Amino acid sequence: MKASVPTTLFALSLGVLACGEDASDDARGSAGAAGAAGSAGLTGAAGASGRGGAAGGAGEAGAFAPSPEGCVEDASAGTHRYACDGIDYDVSVPDACVTAPCGLIFDVHGFSMDSAMEEANTHLAALGRVHGYVVVQPNAPGTPPLSSWTPGADDDKVFAFLELARRVWHTDPKRTHFTGFSQGGMMTWRFICEHADVLASAAPAAGSGCAFTGTDTPSRELDILQLHGTKDALVSFTGAAIPQRDAVIAAWQMDAGTKLAGDASFTRTRYTSAKGTAFEFLEHDYSAGPCLVTIDGHCFPGSDDPGGRKGQACSFKCEPPNAFVWGEAVMAFFIAHPMKP
């Protein structure tokens, strides 16, 4: 997908950004890891977190020991950075995931960001350590604020690392999930279209990119949680989010929808197909904080990202109060939606 005019203007504006100071990485640890229960009933069908743990069949200690391969030379528990085919990947491996099969989550940042900025907004690596998921957060080529994903070429590289991660950590094939924001949300939609055979569920935010017609359609139905801000100034709510939502509903012949939660600032609606596939559309009216250009509703609900990292143009957090936390809602959705038989 080619960059939209607003995104192109954003890129030009960011070119004059003066690099800020590096913020502390301490906040990347336990913040937001209190659980994926979410707020205001946003967890959907997710109940207790047991389904997301290092599930089933641990067997003898070491039976599922990681198998280092290629650029992954050290597959031990902990946090690692791997440089593979021109892309750096930050990977969090919980202790439990070296002795039993865990789930696998890819969390992809947007334009101008890096993996540390993504984690500051989603806390999915921290949540993965609580709930038993290996979490991979790729870094787009380039240096913030000019880091950017190239559709096609970078998709292929990221998918190759996804397949590598599945082999190295022997992850549960029924619990491979993908999420991303902005450019990362667009990549998520492309993965939905191109790799539905591998993904259990997906959670694209502030992006679009799967036509659901002709050859540009998933090979199978999978559960999806879509997030978009009604005030989004970079990726249009009416021009991108609504057509994407309607394409999913039409292609999978879903019902009229049931409101799961909401207030004056957000609505979460679930649409269900005859096969029982859940498509949830989460729209919010929140606005973003200060940035070099107007991004308004292009933001992460519930984020506590303080900003200030080197090269960071915006924190992309929605200004409070917010009724829910996006990272927690994503984790709860993934826990509740492993791959169907």
Side-chain angles (χ1 to χ4, degrees), residues 31-49 51-52 103 105-110 118-133 135 137 175 177-182 184-185 188-189 192 199-207 222-230 232 237 241 244-245 248 257-263 265-272 277-286 288 297-305 316-338:
S39 306
L42 287 180
T43 59
S49 63
R51 293 178 66 186
I105 294 173
F106 270 62
D107 180 24
V108 185
H109 68 74
E118 180 74 4
E119 174 63 10
N121 282 288
T122 67
H123 296 305
L124 279 172
L127 288 167
R129 290 190 285 272
V130 173
H131 296 286
Y133 288 82
V135 176
Q137 292 165 317
R175 294 191 293 135
H177 311 273
F178 209 97
T179 185
F181 172 77
S182 193
T188 303
W189 279 114
I192 288 170
L199 301 181
S201 55
L222 69 157
D223 301 314
I224 300 171
L225 171 63
Q226 178 185 2
L227 173 79
H228 216 103
T230 60
D232 196 317
F237 181 76
Q244 183 69 79
R245 178 200 68 184
V248 178
T258 301
K259 181 178 178 180
L260 297 180
D263 60 20
S265 66
F266 83 98
T267 303
R268 181 168 181 167
T269 306
R270 176 184 291 158
Y271 302 89
T272 307
T277 302
F279 170 59
E280 298 185 11
F281 186 69
L282 181 49
E283 59 183 279
H284 66 83
D285 297 335
Y286 307 133
H298 198 72
C299 59
F300 294 85
S303 168
D304 58 3
D305 178 22
F316 290 105
K317 74 175 181 179
C318 297
E319 289 294 284
N322 300 162
F324 63 95
V325 178
W326 173 239
E328 293 179 2
V330 170
M331 179 58 75
F333 189 81
F334 288 165
I335 290 171
H337 293 93

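Since the structure is predicted, the reported quantities are computational estimates derived from the model, not experimental observations.
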* To do: State, yes or no, whether a side-chain contact exists between Leu227 and Phe181 at a heavy-atom distance under 4.5 Å.
  => no
* **Leu282 and Phe324, any side-chain heavy atoms less than 4.5 Å apart** => yes
* To do: Under the side chain to side chain donor-acceptor pair (under 3.5 Å) rule, collect the residues that match up with Thr272, sequence neighbours excluded.
  => none
* **Note, Arg175 side chain near Phe334 side chain (heavy atom, < 4.5 Å)** => no
* Straight-line distance of Leu222 CG to Leu199 CG, nearest 0.5 Å -> 6.5 Å
* Measure from the side-chain N and O atoms of Tyr286 to the backbone N and O of Ala323, and report whether any donor-acceptor pair falls under 3.5 Å. => yes
* Asked: Regarding Glu119 and Gln137, is there a side-chain donor-to-acceptor distance under 3.5 Å anywhere?
  -> yes
* May I ask you to test the Asn121-Lys317 pair for a side-chain heavy-atom distance under 4.5 Å? => yes
* Asked: Which residues pass the salt bridge (charged side-chain N to carboxylate O under 4.0 Å, His left out) test with Asp232, sequence neighbours left out?
  -> none
* **Ser182: side chain to side chain contact (heavy atoms under 4.5 Å, CB included) partners, not counting sequence neighbours** => His298
* Atom pair CE (Met331) and NE2 (His123), whose distance is rounded to the nearest 0.5 Å -> 12.5 Å
* **Partners meeting side chain to side chain contact (heavy atoms under 4.5 Å, CB included) with Thr267 (sequence neighbours left out)** => Lys259, Thr269, Glu283
* Side chain proximity check, Trp189 to Gln226, heavy atoms < 4.5 angstrom -> yes
* **Qualifying residues under side chain to side chain donor-acceptor pair (under 3.5 Å), relative to His284, sequence neighbours excluded** => none
* With side chains defined as the heavy atoms from C-beta onward, is the minimum distance between Trp326 and Ser303 less than 4.5 Å? -> no
* Qualifying residues under side chain to side chain donor-acceptor pair (under 3.5 Å), relative to Tyr271, sequence neighbours excluded -> none
